[in-house]
2 protein chains.
Amino acid sequence: METLTVEQIAERIWLSIAERRLRPGMRLKEIELAEVFGVSRARVRQVLAMLERDGLVVIESNKGAVVAKPGVEDAKDIFHIRSAVEQRVLERLTGQLDAAKLVEMFEHVAKERIANNSNNQREIIKLSGGFHVMLAEMAEAEFLCGLMRDLVSRTSLITAAFRDSNKHNCGPDEHEEILLHLKNGDLGAAKKAMADHLEHVESELKLLQDRAPPKSLRDALV
Amino acid sequence: METLTVEQIAERIWLSIAERRLRPGMRLKEIELAEVFGVSRARVRQVLAMLERDGLVVIESNKGAVVAKPGVEDAKDIFHIRSAVEQRVLERLTGQLDAAKLVEMFEHVAKERIANNSNNQREIIKLSGGFHVMLAEMAEAEFLCGLMRDLVSRTSLITAAFRDSNKHNCGPDEHEEILLHLKNGDLGAAKKAMADHLEHVESELKLLQDRAPPKSLRDALV
DNA sequence: GCCATCATTATTGTTGACAATTATGTATAC
DNA sequence: GTATACATAATTGTCAACAATAATGATGGC
């Protein structure tokens with residue numbers, strides 16, 4: 001059996017959180033993770049540090065790591081900033097686009113569609129987040145790339161935390177629309193489509209925003 | 001002698017970069033750092049990982065860490081996103097402000113002024129960055145806080161990389177102006193002052209933006 | 001003299017054991 | 001019965017030795 005890399009383990013945990021198998025507040029003991037993934041504790045430690053920087057877990061000194069519970073206000077901030085970053089990515093993409101990149105992106109959306117049709121949750125989550133990261137990569141903007149990765153995982157956590165059904169995050173149709181505008185060189189339309197897309201994703205969460213914030217006692221009893 | 005924490009070491013290295021004692025491209029060998037700070041290599045490793053996530057160093061597998069060299073485009077992206085984040089912080093600050101917080105912030109600006117008058121470079125750097133982080137902390141927005149910390153260190157690196165004189169980053173006067181608008185409850189004016197402030201800082205870098213990008217050969221010979 | 005190949009050195013990556021800290025359970029006093 | 005103090009167990013934090021990898025310098029062939 002191959003030993004997993006730090007990134008692979010981090011992705012598996014991210015997926016577990018996004019799929020709501022790991023719920024906010026759950027403890028992540030180092031030894032357990034080390035046994036599950038068949039790696040040393042030191043490597044688990046690196047993974048947890050990485051997940052912390054992506055906002056998926058919070059680590060308290062001498063207490064260990066738990067899955068983060070984002071607040072409603074945090075969620076709003078994240079969507080707000082994400083919107084700004086996505087707009088910037090589209091701007092930077094202008095002029096950087098060639099045919100090869102376009103076909104690669106359309107292929108990606110095609111994969112998203114296949115995953116959607118076969119209702120493959122794990123692939124849906126990976127690909128729909130991957131689309132936005134790919135956009136940043138195409139722009140060849142290293143800083144935006146890292147930031148987008150961060151924002152996408154944080155968005156996954158929010159979706160997992162504030163949604164009771166686990167429907168797909170964002171559909172391939174809206175992604176494709178953005179691509180079509182980019183292909184036509186219509187930056188303004190692309191930006192508008194992106195804004196609408198994010199607005200759409202956020203709106204499905206808005207319903208839950210005014211529910212009572214769970215007290216530590218209550219959600220321990222759920 | 002007390003052993004330094006990870007954060008303390010990271011701050012010292014950050015300051016060295018901001019003060020241009022550590023220049024972009026310089027190697028950071030783990031053993032050297034361990035000896036300099038009198039800590040184990042494992043701890044240095046944590047520090048380097050932290051600095052990498054803040055964009056101050058880049059770590060290549062099996063090659064080690066070097067001080068990052070941000071490109072001009074990266075610099076523009078960072079200022080662009082930072083502007084959006086700062087605006088958001090000010091919005092979130094509305095209603096969260098009480099008298100205690102205000103005096104604390106005015107006191108901070110007073111310290112900045114003292115450092116400026118005595119021309120204490122290290123303090124100037126720490127405090128002028130700290131002002132913006134403090135604003136985010138006052139807003140009690142955890143996500144924005146972390147992001148602001150990240151952006152401030154990245155800005156320090158940019159300033160160090162694209163400026164030949166090491167004058168102060170941003171003066172206390174502009175900081176105080178923002179505070180005055182906040183005190184008066186005039187959010188619009190505060191946001192405008194903040195935008196002008198960032199624009200001002202960025203403009204001092206703009207002069208150098210169109211200089212030739214250094215080829216690896218050339219800047220090796222400098 | 002120049003280039004390729006190989007040995008040496010220096011540096012990073014990984015691991016397991018040990019120390020420090022926190023949580024849990026138990027007994028005792030009131 | 002409840003609460004406090006203590007002992008035990010579980011968990012995280014730290015370190016130093018070992019392995020793997022890449023940079024450096026030496027050697028031989030052409």
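Chain letters run A, B, ... following the sequence lines, proteins first and then strands; every chain starts at 1.
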Identify which nucleotide among [options] has an atom closest to any side-chain atom of [X], counting heavy atoms from C-beta outward.
{"X": "B:Q46", "options": "C:dT12, D:dT14, C:dT14", "value": "D:dT14"}
{"X": "B:R43", "options": "C:dT11, D:dA22, D:dC15", "value": "D:dC15"}
{"X": "B:S40", "options": "D:dG13, D:dC15, D:dT21", "value": "D:dC15"}
{"X": "A:K63", "options": "C:dG13, C:dT15, C:dA23", "value": "C:dA23"}
{"X": "A:R45", "options": "C:dG13, D:dT12, C:dT11", "value": "D:dT12"}

On DNA chain D, nearest-nucleotide positions of B:V39 versus B:R27: which is more 5'? B:V39

Could you say whether B:A42 or A:E30 is positioned toward the 5' end of DNA chain D, judged by the nucleotide with the nearest heavy atom to each? A:E30

For B:E137, is there an ion pair with B:R149 - N to carboxylate O distance below 4.0 angstrom? yes

Between B:E35 and B:K29, is the closest basic N to carboxylate O distance under 4.0 Å? no

Send over the distance from [X] [atom1] to [N] [atom2], rounded to a whole Å.
{"X": "B:L48", "N": "C:dT11", "atom1": "CG", "atom2": "P", "answer": "14 Å"}
{"X": "A:L33", "N": "D:dT12", "atom1": "CG", "atom2": "C1'", "answer": "13 Å"}
{"X": "A:N62", "N": "D:dG13", "atom1": "CG", "atom2": "P", "answer": "5 Å"}
{"X": "B:E32", "N": "C:dT11", "atom1": "CD", "atom2": "P", "answer": "7 Å"}
{"X": "B:L4", "N": "D:dC15", "atom1": "CG", "atom2": "P", "answer": "12 Å"}
{"X": "B:K29", "N": "C:dT12", "atom1": "NZ", "atom2": "P", "answer": "8 Å"}
{"X": "A:E35", "N": "C:dG16", "atom1": "CD", "atom2": "C1'", "answer": "15 Å"}
{"X": "A:I9", "N": "C:dT14", "atom1": "CD1", "atom2": "C1'", "answer": "13 Å"}

What about the rings of A:H108 and A:H175, do their centers lie closer together than 6.0 Å? no

Ignoring backbone atoms, establish whether A:R41 has a side-chain N or O less than 4.0 Å from OP1 or OP2 of D:dT12. no

Looking only at heavy atoms, which two atoms of B:P24 and B:A161 are closest? And how far apart? CG-CB, 4.2 Å

Under the criterion salt bridge (charged side-chain N to carboxylate O under 4.0 Å, His left out), I'd like the reasoning laid out for A:R82 against A:E86: C-alpha separation, chi angles, the key distance, then a yes or no. CA-CA 6 Å; A:R82 177 165 173 178; A:E86 299 267 15; 3.0 Å; yes

